[in-house]
Amino acid sequence: MTVAVGDTTEAAGGRRIAVLGEMLELGDDAVEAHRRVGRMAAENGVDLVVAVGGDMAKQLALAAGAAGVPDIALVGDNITAAAYLDSILRPNDVVLVKASRGGQLWQIAQALTGQPVRGL
């Protein structure tokens, strides 16, 4: 996550949007790791965090908001995330999609780019 957010292309007149899913298999460190990612989003100038998932996504979203990300959305699944993004994206917005492979967030990227979506 550290490299991914830091390397995000500057949004030329658009917003920086991070679509972040739950990180799986973190054990006892899961809550703090998700909070840390939320704070990192704020530190890297993200304008909108879309947190996808359950309890850990909620921790990420709460930490991002507390750290200064101006807009937060918490959604339960990839279908809802893709539909939400489709309704709010504007020209020049830059979107980072990141999660554990088990979250299958590539489905969101597929939906937004008009590719056939597998597994939704």
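Here the closest heavy-atom approach between residue Ala82 and residue Ala111 is recorded as CB-CB, 3.8 Å. Taking both residues in full, the closest heavy atoms of Val49 and Ala64 are given as CG2-CB, 4.1 Å, listed atom of the first, atom of the second, then distance. Here the shortest heavy-atom pairing between Leu24 and Gly103 reads CD1-N, 4.4 Å. Between Val50 and Ala81, the shortest heavy-atom distance links the atoms CG1-CB, 4.5 Å. Here the closest non-hydrogen pair linking Val19 and Leu105 is O-CD2, 3.8 Å.
Asp47 and Arg16 are not joined by a salt bridge, as no carboxylate oxygen comes within less than 4.0 angstrom of a charged side-chain nitrogen.
Atom NZ of Lys98 is separated from atom CE of Met23 by 9.0 Å, given to the nearest 0.5 angstrom. Taking CG from Leu89 and CD1 from Ile17, the interatomic distance works out to 5.0 Å, rounded to the nearest 0.5 Å. Rounded to the nearest 0.5 Å, atoms NZ (Lys58) and NE2 (His34) are 14.5 Å apart. Between the CD atom of Gln115 and the CD atom of Gln110 there is a distance of 5.5 Å, given to the nearest 0.5 Å. In this structure, OG in Ser100 is found 9.0 Å from CD in Glu22, a value given to the nearest 0.5 Å.
For the side chain to side chain contact (heavy atoms under 4.5 Å, CB included) with Leu60, the lone residue among Ile72, Val37, Leu74, Asp55 that qualifies is Val37.
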> Can you list the steps and then say if Gln107 with Gln104 is a side chain to side chain donor-acceptor pair (under 3.5 Å)?
Replying inline: CA-CA 6 Å; Gln107 296 168 336; Gln104 301 181 17; 2.8 Å; yes
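Residues Asn78 and Val52 are in side-chain contact: their nearest non-hydrogen atoms beyond the backbone lie under 4.5 Å apart. A 4.5 Å side-chain heavy-atom check between Leu85 and Ile108 finds at least one atom pair inside the cut-off.
Residues Val75 and Leu112 fall within the same hydrophobic cluster, defined by Ile, Leu, Val, Met, Phe, Trp and Tyr side chains chained together at heavy-atom separations under 4.5 Å. Neither Trp106 nor Val95 shares a network with the other; the hydrophobic side chains, linked directly or stepwise wherever heavy atoms of I, L, V, M, F, W or Y lie under 4.5 Å apart, form separate groups for each.
Judged as a salt bridge (Lys or Arg N to Asp or Glu O under 4.0 Å), and not counting sequence neighbours, Glu43 has no contacts.
Using modelled atom types, one side-chain atom of Asp93 and one backbone atom of Arg90 make a donor-acceptor pair closer than 3.5 Å. Asp77 places a side-chain N or O within donor-acceptor distance of the main-chain N or O of Ile79, the cut-off being under 3.5 Å. Put simply, the side chain of Thr113 gets close to the backbone of Ala109: a donor and an acceptor are under 3.5 Å apart.
Met56 belongs to a hydrophobic cluster whose other members, connected by ILVMFWY side-chain contacts under 4.5 Å either directly or through intermediates, are Val31.
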